[in-house]
Amino acid sequence: MIERFERFSLAIAEISRCWHKLAGEEMKAYGLKGAHATYLTILYRYPAGITVPELCELCLKDKSDASRMLAILEEKGLVRKEGGYGGAVLLTEAGRAAAIQVRQRASRAVEAGGKDLTDEERAVFYKALGSIADNLRALADEGIPE
């Protein structure tokens, strides 16, 4: 059982480390950090804009993190807020262009990362990964049973 835990933990840590490195490299062109990539790609899916609480839920981040990230994106001219407090956050034209570039590069990275998998293996992998995430989320909320 410990071997499974170690393999799982180390694989997840390595994937995360590599992904953050790749995202960081991509975002350098915009003077941003890798963490901004997630915000840009999610905002791209909502051309009419979304609220900060909705964005937090989709990014799995707290409000303070989202506020910091959005302030930087706004300073760089990539997002704007409409409607004052509680209003929608939208990508600017420059933000849309950046999000398209980031999405294309991320898609290439994901494709290259799974190049040895068949479509069936990929489907099973994502199903298993989703199940593990759901189960660990429940354990994090409820605690590990005795």
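Note that these values count all heavy atoms, side chains included, but never hydrogens, waters or copies made by symmetry.
Taking each heavy atom of Gly114 and Arg122 in turn, the nearest pair found is O-NH2, 2.9 Å. Between Met69 and Ala35 the shortest heavy-atom distance is CE-CB, 3.5 Å.
Taken together through direct or relayed side-chain contacts under 4.5 Å among Ile, Leu, Val, Met, Phe, Trp and Tyr, Leu117 and Leu129 form parts of separate hydrophobic clusters.
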Going by atom type alone, with no hydrogens or angles, which donor-acceptor pairs under 3.5 Å involve a side-chain atom of residues 130-146 and a protein atom two or more places apart or on another chain?
| from | atom 1 | to | atom 2 | distance (Å) |
| --- | --- | --- | --- | --- |
| Asp134 | OD1 | Arg137 | NH1 | 3.0 |
| Asn135 | ND2 | Ser131 | O | 3.2 |

Side-chain donor-acceptor pairs under 3.5 Å in residues 87-94, sequence neighbours left out?
| from | atom 1 | to | atom 2 | distance (Å) |
| --- | --- | --- | --- | --- |
| Thr92 | OG1 | Gly77 | O | 2.6 |
| Thr92 | OG1 | Leu78 | O | 3.3 |
| Thr92 | OG1 | Ala94 | N | 3.4 |
| Thr92 | OG1 | Gly95 | N | 3.0 |

Atom pairs and distances, donor-acceptor, side-chain atoms in residues 14-24, under 3.5 Å, two or more places apart:
| from | atom 1 | to | atom 2 | distance (Å) |
| --- | --- | --- | --- | --- |
| Glu14 | OE1 | Arg17 | NE | 3.2 |
| Glu14 | OE1 | Arg17 | NH2 | 3.4 |
| Glu14 | OE2 | Arg17 | NH2 | 3.0 |
| Ser16 | OG | His20 | NE2 | 3.4 |

Just distance, no hydrogens or angles: give the donor-acceptor pairs under 3.5 Å from side chains in residues 39-60, sequence neighbours left out.
| from | atom 1 | to | atom 2 | distance (Å) |
| --- | --- | --- | --- | --- |
| Tyr39 | OH | Asp65 | OD2 | 2.5 |
| Thr41 | OG1 | Ala37 | O | 3.1 |
| Thr41 | OG1 | Thr38 | O | 3.1 |
| Thr51 | OG1 | Glu54 | N | 3.3 |
| Thr51 | OG1 | Glu54 | OE1 | 3.2 |
| Glu54 | OE1 | Thr51 | N | 2.8 |

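Hydrophobic cluster membership of Val124, counting Ile, Leu, Val, Met, Phe, Trp and Tyr whose side-chain heavy atoms lie under 4.5 Å apart directly or via other members: none, as it forms a cluster of its own.
Under the side chain to side chain donor-acceptor pair (under 3.5 Å) criterion, Lys76 pairs with no residue, sequence neighbours left out. Listed by chain and number, the residues in a salt bridge (charged side-chain N to carboxylate O under 4.0 Å, His left out) with Arg103 amount to none (sequence neighbours excluded). Taking Asp62 as the reference, Ser64 meet the side chain to side chain donor-acceptor pair (under 3.5 Å) condition, with sequence neighbours excluded. Remark: Arg80 engages Glu82 in a salt bridge (charged side-chain N to carboxylate O under 4.0 Å, His left out) (not counting sequence neighbours). Every residue meeting the side chain to side chain contact (heavy atoms under 4.5 Å, CB included) condition with Gln101, not counting sequence neighbours, appears here in chain and number order: Tyr30, Gln104, Arg105. In this structure Glu74 satisfies the salt bridge (charged side-chain N to carboxylate O under 4.0 Å, His left out) test with no other residue, sequence neighbours excluded. Here Thr118 pairs with Glu120, Glu121 under the side chain to side chain contact (heavy atoms under 4.5 Å, CB included) rule; sequence neighbours left out.
Other residues, nucleotides and ligands place more than 12 heavy atoms under 6.0 Å from the NZ atom of Lys81.
Taken to the nearest 0.5 Å, the NZ atom of Lys63 stands 9.5 Å off from the CG atom of Leu70.
Proximity of Lys33 to Met27: side-chain heavy atoms (C-beta onward) are nowhere separated by under 4.5 Å. Counting heavy atoms from C-beta on, the side chains of Glu111 and Arg108 never come closer than 4.5 Å.
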